[in-house]
Amino acid sequence: MKLKQSAERTLKICTAAVLALALALTFTLSDYYIFNRISEFNAAFVISQWIKKAGLLLLPLAVYYNKRCCADIAKYVLPVAVIVSLCTFGNFFDITYVTAESTGEQIALAHLNEFMPKWANVAMFAVSCGLELVICGLLFVRDGFKVKAKSFIYLPFAVVAVMPLNIFENFFDISNYSPAHFLWFKNFTVWHFLAIAILAAFTVGAYYFLKNKDEEKRQHYLIATAIVLLIQYHSKDSVLLGDGYNVYYTVFAVLPLFICNIGVYVSCLSVILRKKVLYAISFFVHAVGALTVFVYFGKDDMSNYGIIGSYSILYFCLTHCLLFALCVLPTALGIYKFKPKDCIAPLIYYCVVIIIAAVASGLVSSYLNTYEYGGFKLPDYALDRPPNYAFTQVCPLPVELPLVPLQIWNCELNLFYLILLYVAYVCLFWAFTAAYYLFILVRKKTLGAIAKRRGGTEIPLVAIGGEIIGESAASDDAQKEIAADEAETNAEELTK
């Protein structure tokens, strides 16, 4: 018993360390660089790294939530991938911006981004691999050697969930396509409308998949979705090598200060910690934020659109689908019911985000414009595109706004635009919330109408459950829903 308790404590500590190291490595020498260059690297190393990505999903579920199927897969599959990656990484850690033809400006850029020396990257990689092997060994101590064969059914799903989205770029060269090509992604094209349709279908499908699950299983699915979102979100950080999402070129671009970037952490923490204030912020702020950028991506000259199969487009669609779903599903499933008074914290939160993002944008832009190494400044292409949280200094709208200057170090921001940005998004937040209450009103009236009807005939209940059920059963369900709402209202009145 004591051995198992010690193993349990050690498992949690080692898993936390593995996750921390995996996060740190995305900021230094992201291995996503290899997945669209399979021919340049050892295929065994590429495949083993992919399986280790799946391990980042399986291990937290196995260790912190005691998912036996995840533990079974991890302890028999993950050690093989870890050992293979240790034996085949080759010259991966020799990757650098610097070449014999590099200019002084490019060397200055490399010095800024390659802040972690090779030995430190290798050390973190080796320690991470060692800890994963220790975790797998401790899972044997905790659970024994027996496994359920059906556990391995989930392996393909785990591997697909963490698929490196740039892997498709092995089959085409993005430089062969121009913005005039049919496959090129732009605002309000067929591909744009397809992305919106996928967002709606994914969210509705996830709702119907989860609504009849028991509370524990539903929670575990939401947590797994949050982990997948975090893994996919951090794939963009290969920007340090010059080919990540939106290619902002400098290490400062990875700061999560864009509204959807910070929304990833808030929405994931909301389902993991189950805190009311995080649910409220996710629903009121980040759901409509994710939806808004799906409807309008910004000016074409601000975005590095590619063809529909390119990494940037796939990354955007997947991460924003997951983000929107995590923001709205807790409320849709009844885990958290948003009340008008719950908007106070999100309104303050969004104001603080705007202020911090504006200040950070001005400071980072000013620092980069004055940065020197070896007497050289950064190349122009690294300065022309500021970090994505520079939405506070670069208006995405195709119109010119009156200028009310706000000086932050050497950077001039438009205070009028910042105020307008806050007010406009708050209006969108309230419009989204009004749509939610309209849905609740219609749903209550539908449930009330069903409850009043008595008899044994069969009626469709597509709007509620998506299946045909008996009227008496429908009446019972409807009455339960109404009774629950009335009980909650009475409880609130008593509290007051």
Side-chain angles (χ1 to χ4, degrees), residues 54 56-73 148 150-151 153-158 160-162 199-233 263-284 286-287 290 318-339 342 436 439-440 443 447 461-467 469 473-474 476-478 480-485 487-488:
L56 297 178
L57 168 61
L58 296 169
L59 290 179
L61 294 173
V63 173
Y64 297 115
Y65 301 99
N66 292 312
K67 299 299 291 181
R68 183 62 182 269
C69 58
C70 297
D72 288 347
I73 298 170
K148 295 180 179 179
K150 66 178 183 180
S151 295
I153 294 173
Y154 295 97
L155 177 59
F157 294 100
V160 171
V162 300
L199 173 70
F202 179 83
T203 307
V204 173
Y207 168 75
Y208 279 105
F209 176 75
L210 293 173
K211 79 181 192 72
N212 292 322
K213 297 281 190 297
D214 63 67
E215 183 180 354
E216 182 182 30
K217 190 171 289 187
R218 186 167 57 189
Q219 185 66 16
H220 287 167
Y221 273 114
L222 288 174
I223 290 169
T225 303
I227 296 171
V228 170
L229 174 56
L230 288 169
I231 292 171
Q232 292 289 4
Y233 168 74
V264 168
Y265 296 106
V266 172
S267 63
C268 290
L269 287 175
S270 72
V271 299
I272 293 172
L273 301 179
R274 305 186 75 173
K275 296 294 184 182
K276 184 177 180 180
V277 66
L278 296 177
Y279 281 134
I281 291 172
S282 293
F283 181 80
F284 189 72
H286 295 297
L318 177 61
T319 54
H320 284 76
C321 278
L322 294 173
L323 173 59
F324 182 75
L326 281 177
C327 289
V328 301
L329 283 177
T331 300
L333 293 167
I335 298 171
Y336 162 74
K337 292 186 178 180
F338 184 84
K339 303 293 182 183
D342 293 340
Y436 162 70
F439 167 76
I440 293 297
R443 186 171 181 267
L447 289 169
L461 196 58
V462 176
I464 307 301
E467 55 187 32
I469 63 175
D476 291 341
D477 289 343
K480 288 178 182 177
E481 291 273 0
I482 294 170
D485 288 336
E488 184 177 359

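Numbers here are sequence positions counted from 1. These numbers were taken from a predicted model, which means no experiment stands behind them.
- Partners of Y64 under the ring pair (Phe, Tyr, Trp, His ring centres under 6.0 Å) rule, at least two apart in sequence or in another chain, do not exist in this structure.
- Across every non-hydrogen atom of A332 and Y207, the tightest pair is O-CE1, 3.5 Å.
- Classified by interplanar angle (parallel below 30°, tilted 30° to 60°, perpendicular above 60°), the ring pair Y336/F338 is perpendicular.
- Here the straight-line distance linking atom CG of L58 with atom CD1 of I227 works out to 9.0 Å at 0.5 Å rounding.
- Heavy atoms only, all atoms of each residue included: C268 and A226 are closest at SG-O, 3.3 Å.
- In this structure a side-chain-to-backbone donor-acceptor pair under 3.5 Å is missing from Q219 to D214.
- The nearest pair of heavy atoms linking R218 to L333 is CD-CD1, 3.6 Å.
- With a 4.5 Å cut-off on side-chain heavy atoms, V264 and L229 count as touching.
- Residues meeting the side chain to side chain contact (heavy atoms under 4.5 Å, CB included) test with T203, sequence neighbours left out: L199, F324, A325, V328.
- Rounding to the nearest 0.5 angstrom, the gap separating the CD1 atom in I153 from the CD1 atom in I73 is 9.5 Å.
- The aromatic rings of F209 and Y221 sit perpendicular, their planes meeting at an angle over 60°, well past the 30° parallel limit.
- Summarising the geometry of A280 relative to D342, their closest heavy-atom pair is CB-O, 3.7 Å, with the distance given to 0.1 Å.
- Among pairs with a residue in residues 269-283, those fulfilling side-chain hydrogen bond (donor to acceptor under 3.5 Å, both in side chains) read E215-R274, at least two apart in sequence or across chains.
- Closest approach of I231 to L57, counting heavy atoms only: CD1-N, 3.9 Å.
- For the atom pair F202 CZ and L318 CG, the distance stands at 7.5 Å (nearest 0.5 Å).
- For the pair V271 and L329, the minimum side-chain heavy-atom distance is 4.5 Å or more.
- Annotation: the span from L278 atom CG to L269 atom CG amounts to 6.0 Å, rounded to 0.5 Å.
- In this structure the side chain of V162 never reaches within 4.5 angstrom of the side chain of L56, judged on heavy atoms.
- For the atom pair L230 CG and S267 OG, the distance stands at 7.5 Å (nearest 0.5 Å).
- A pairwise comparison of heavy atoms in C327 and H286 identifies SG-CB, 3.7 Å as the closest pair.
- By the neighbour-count criterion of 12 heavy atoms within 6.0 Å, atom NZ of K213 is densely surrounded, having more than that number from other residues, nucleotides or ligands.
- Note that NZ of K337 and CD1 of I440 are 7.5 Å apart. Values are rounded to the nearest 0.5 Å.
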